[in-house]
> 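Just passing along the structure, written as structure tokens.
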Protein chains: 2
Amino acid sequence: MGTKGSANRQRIVDAADHLFYSRGYNQTSFSDISDETGIPRGNFYYYFKTKEDILAAVVDARVGEFKAVLKNCEEATSDPMQRLHALAQLPLQHETQVLQYGCPIGSLSSELVKEQDTEISQVRLTAVFDLLKSWIIEQLDKLGQSSRGDDIAKDLLARMQGIILIANVYNDAPFLHRSVNDLQSWLNQTLSN
Amino acid sequence: MGTKGSANRQRIVDAADHLFYSRGYNQTSFSDISDETGIPRGNFYYYFKTKEDILAAVVDARVGEFKAVLKNCEEATSDPMQRLHALAQLPLQHETQVLQYGCPIGSLSSELVKEQDTEISQVRLTAVFDLLKSWIIEQLDKLGQSSRGDDIAKDLLARMQGIILIANVYNDAPFLHRSVNDLQSWLNQTLSN
DNA sequence: TAAAAAATAATACGATTGTCTTATATTTGA
DNA sequence: TCAAATATAAGACAATCGTATTATTTTTTA
């Protein structure tokens, strides 16, 4: 798998990424990915031994995507507070998708956490959450909140997840906007101590 | 379907309820329900025309379950504030299941909201959420919060969902307890105005 | 108690699932 | 340039899916 062929592999991952998000992991079949990429279904085995291997590649891809997003946040401003605000506002930048499909991390996680018998690595499952959490803690450290860092980070993630879930289920754009706004007030209030 | 037979129908719904919660709707097959009930797989058609009909019955059952829970809250105390606190504490009463499988409403909703092509009634999807929301609004009315009722109700639901999702994904009991506690502080603070 | 209705059992159906194999084409390196 | 490695294509595989049908038993009702 040297120079070529990586292209097709990437196309599979891209299609799977999109389909896992819009339809869910279990509801996405090899045929679906085949239809979207034009690559024959039976050919996937050359790139991935199992469907879970595709999932692992998709999770890795999302980790990469979010790393890029966070890097953007870091380059936009050096103020940790503004960075956290940027993160909180992230759902608004993907409003249409969030309202339609929810959070790409949260919805996938809540689907995969139910797969008890299969061998979906728990490490992989929370990989994106872990990335976000440690980044948040980094910012909080700079704000002198190192003692409460872990708790506040989890709180922020939980709030974002709850907001997105309700906004998604009810397809409620006004709620999403108002709640993100409230979330920012909460950030200001919580971090002013 | 007079006197008898309702028993088997109910057993199917009960098994499906449990399996949809622990494995998810799409990951639960007729064979799974058959294994759990002992009722032959091919026999389900007698009681339900399609799998979605079973889902509808399960959603109806959960609506019934939550109505009973809310009735309990009402009988325990007549104070709307204490009732809301009881609701916020509900996840702790089902701690083990919540940590393992998440919220029976939230996880199912976030799974079903991705089924765009099929004809899963959106009304049914949010039935339990709607029930909870209107009950919360009722309590808020009595607290003189009728103007902000809808917003606060959604906020409470969103917060609970976010807490449960993070607690579930990380299987984090301490976070669940702390967050429910924080949620109650928030209730007191929000409703003291 | 006999006919009608309801319930149960068991099996079959076509379609689709993820996986795997084989055959052909393309690219690479000596 | 020619063998070796890589990539692509296409189809077959058993298993399982939700659904449907038929036959038998049980219950109800007149």
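Just so you know, these numbers come straight off a predicted model, no measurement behind them. Chain identifiers are assigned alphabetically (A, B, ...) following the order of the sequence lines, protein sequences preceding nucleic acid strands; residue numbering begins at 1 within each chain.
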> Going by an N to O cut-off under 4.0 Å, is there a salt bridge joining R83(B) and D79(B)?
no
> For L55(B) and dG18(D), give me the distance from atom CG to atom P, rounded to whole Å.
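Nearest whole value for this atom pair: 13 Å.
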> Atom CG of N8(B) to atom P of dT26(D): distance rounded to whole Å?
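After rounding, the reported distance stands at 14 Å.
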> Would you kindly give the CD-to-C1' distance between E115(A) and dG18(C), to the nearest whole Å?
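It is 14 Å, rounded to the nearest whole Å.
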> Show your working on side chain to side chain contact (heavy atoms under 4.5 Å, CB included) between Q100(B) and N168(B) and close with a plain yes or no.
CA-CA 6 Å; Q100(B) 262 193 53; N168(B) 178 28; 5.6 Å; no
> In this structure, how many angstroms lie between the C1' atom of dG18(D) and the CG atom of N26(B), rounded?
12 Å
> Is the closest basic N to carboxylate O distance between D172(B) and K154(A) below 4.0 Å?
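Yes, D172(B) and K154(A) are salt-bridged.
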> I'd like to know if R159(B) pairs up with D155(A) as an ion pair, taking the criterion as any Lys NZ or Arg NE/NH1/NH2 lying under 4.0 Å from an Asp or Glu carboxylate oxygen.
no
> Please report the distance, rounded to the nearest Å, between CZ in R23(B) and C1' in dT16(D).
14 Å
> Hey, could you give me the CG/CD distance between L19(A) and Q27(A), rounded to the nearest 0.5 Å?
11.5 Å
> Grab the OH-C1' distance between Y45(A) and dA7(D) for me, whole Å please.
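These atoms are roughly 16 Å apart.
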> Within this structure, what is the CD1-to-P distance between I12(B) and dT19(D), rounded to whole angstrom?
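I12(B) atom CD1 is separated from dT19(D) atom P by 13 Å.
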> Taking 4.0 Å as the cut-off, does a side-chain nitrogen or oxygen of Y46(B) come that near to OP1 or OP2 on dA7(C)?
yes
> Encode nucleotides 10-17 of chain C as B, S and - characters from 5' to 3', where the letter depends on protein heavy atoms closer than 4.0 Å: B to the base, S only to sugar-phosphate, - to neither.
BBB----B
> Taking NZ in K49(B) as the centre, count heavy atoms belonging to other residues, nucleotides or ligands within less than 6.0 Å. Is the count above 12?
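No, the 6.0 Å shell around NZ holds no more than 12 heavy atoms from other groups.
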> In whole Å, what is the span from the CZ atom of F44(B) to the C1' atom of dG18(D)?
11 Å
